Amino acid sequence: MKFSFYGAARSVTGSRHLLEVPGFRLLFDCGLFQGRREEAVRRNRDLGFEPKSVAAVLLSHAHIDHSGILPVLPRQGFSGKVYLTRASADLAGIMLEDSARVQENDCRYVNKQEKRRGKTCIHPFYDGDDVKKIAKRFEGSRYGEQLKIAPRVTASFHDAGHILGSAAVRVKYTARGNTTTVLFSGDLGRSHMPILRDPEPPPPCDVLILESTYGDRLHEQPGEEMKKKAQDLIAHAREHRSKIIVPAFAVGRTRHPECYDEETLKTFSSGGDVFASRYIRFISSPEDSKRLNAMRGPCVIISSSGMCEGGRVIHHLKHAIQDEANVIMFVGFQAEHTLGRKLVEGWDVVPIFGVPTKRRAQIVKLNGLSAHADRNDLLAYVRAISPRPSTIFIVHGEEKQALSLGAAIQAEHPKIDVRIPHQSSTHEV
Ligand SMILES: [Zn+2]
Ligand SMILES: [Zn+2]
């Protein structure tokens, strides 16, 4: 069995892992790389492997850093299926359409400015037609269902409790009476969080590909302290009639009751709507978005993308960032070299659409709302696999996080072969 890592290797974005067995190649995830513009263009134009040679894609979840470059596959000769959970199929369809629109708008906006400076134009990676083509190849399945994806290969999805439809993906390969099982964790969620069910205990596997986003960090619990922090911010916005901008992954209101936890199901079955409130308005058109920029606070604007690397949130930031009464609140992980990361690190001047812009708005980080497992959760996940895997690949974490988690796993389980793959490296197991 051969494993090649073409993204999210010692980094967090652009999740793409290729698994090769005799006569069959499959890809776990096909994510968009986000980061410095030149690097993003290079890594999203050249995927690192031949899509033509890949027979199937298994998608862990709909987040763009896992699904966002899928639409280029058919143009590059991919003719297989994309296996994913049913909720992911709906969600990925919506998110990829949104991503195509966002790329188109961002390119138009940037090109207008670049032309003035005599620079070359940039182009979207794909358009709405490409999204339709790849969506036709989606094969939505239920959690736990055994899928035969090739004569000697089966696959199944196991609830990862991270976002709607998210899954750890298990692949079984049988040859000459021997079965080898690979488990790809995807992004793992946390237990006892609202709305979604807790991650399922991991099924047995020989090889584990494990995420490490928070490989050396522990989250604060989403308790009273965090509630107080949020209340203080809202009081501040009220007093100053200012805005709180929350960059977030667009997850929409797709309803898939099979993914919800008991509490949420109860709310729905008693006729309630967990998302409904007379204070919440859903806005979809760019015109309405623009009106928000002109509007005075107090208000909370939740807008994509989560790492401020595209999408309308950049326009909202552009309008709000220079006012010290405004607040930019981060609830998710910010990858290296993204605008979100620069803001979280407290940069005073940040590039917005390539223009250095003074930041006066307050930056707040709420880690307790993270949809990612922390170091203890990840260690517990490995401990829960019985019997233990013989090999673990640590992915989807910046180098420091991946190395730290790798060392902790190795110390606890000396017999496991723990590897931290480099970008574009191939490993035989
Ligand atoms: Zn994710
Ligand atoms: Zn991710």
Side-chain angles (χ1 to χ4, degrees), residues 5-17 27-35 40 43-44 57-70 84-85 87-92 94-96 98-99 157-169 183-190 193 195-200 209-215 217 219 247-252 254 256 259 304-311 330-338 340-341 367 369-375 377-378 381 393-399 401-402 405 421 423:
F5 300 88
Y6 293 109
R10 301 196 179 214
S11 77
V12 284
T13 86
S15 178
R16 302 165 200 164
H17 313 304
L27 188 66
F28 290 114
D29 287 351
C30 195
L32 188 76
F33 182 89
Q34 293 166 304
R43 291 219 188 161
N44 290 323
V57 180
L58 301 176
L59 188 75
S60 65
H61 65 294
H63 272 156
I64 287 298
D65 61 315
H66 296 256
S67 70
I69 203 75
L70 275 171
L84 67 184
T85 64
S88 284
D90 286 352
L91 206 51
I94 297 167
M95 289 179 77
L96 291 174
D98 191 54
S99 167
F157 292 95
H158 306 267
D159 201 336
H162 167 61
I163 60 162
L164 216 59
S166 66
V169 190
L183 182 68
F184 168 44
S185 73
D187 287 357
L188 291 171
R190 302 162 64 190
M193 292 296 278
I195 301 181
L196 290 179
R197 282 202 302 250
D198 293 351
E200 253 178 69
I209 305 174
L210 178 66
E211 72 121 319
S212 59
T213 318
Y214 288 100
R217 268 175 262 179
H219 296 315
F249 288 109
V251 175
T254 325
H256 274 272
C259 300
S304 80
S305 73
M307 297 194 280
C308 311
E309 276 304 294
F330 288 94
V331 294
F333 186 80
Q334 304 300 315
E336 265 181 322
H337 313 304
T338 58
R341 177 68 161 256
N367 252 343
L369 285 173
S370 170
H372 274 279
D374 68 9
R375 177 185 175 91
D377 298 323
L378 293 168
Y381 193 78
F393 291 106
I394 313 267
V395 297
H396 199 289
E398 279 162 15
E399 198 154 51
Q401 308 290 327
L405 182 69
Q423 168 70 20

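Computed from a predicted model, the values in this text were never measured in an experiment. Both ligands and their constituent atoms are indexed starting at 1 by order of listing.
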Please give me the minimum heavy-atom distance between Leu59 and His66, naming the atom from each residue.
CD1-O, 3.3 Å
Got a sec: is His61 within less than 2.8 Å of the Zn ion (ligand 2) via an N/O/S atom?
no
What is the name of the N/O/S atom in His63 that sits closest to the Zn ion (ligand 1)?
ND1
Any idea how Phe28 and Phe184 line up, ring-wise: parallel (<30°), tilted (30 to 60°), or perpendicular (>60°)?
tilted
OD2 (Asp65) to the Zn ion (ligand 2) to NE2 (His396), nearest 10°, is 90°
Angular separation of His162 NE2 and Asp187 OD2 about the Zn ion (ligand 1), given to 10°
100°
Would you say the ring centers of His372 and Phe333 fall short of 6.0 Å from each other?
no
Do any of the N, O or S atoms of His372 sit under 2.8 Å from the Zn ion (ligand 1)?
no
Assess the side chains of Ser88 and His61: does a donor N or O sit below 3.5 Å from an acceptor N or O?
no
Ser60: which of Leu84, Leu188, Asp29, Asp187 passes side-chain contact (heavy atoms from CB on, under 4.5 Å):
Asp29
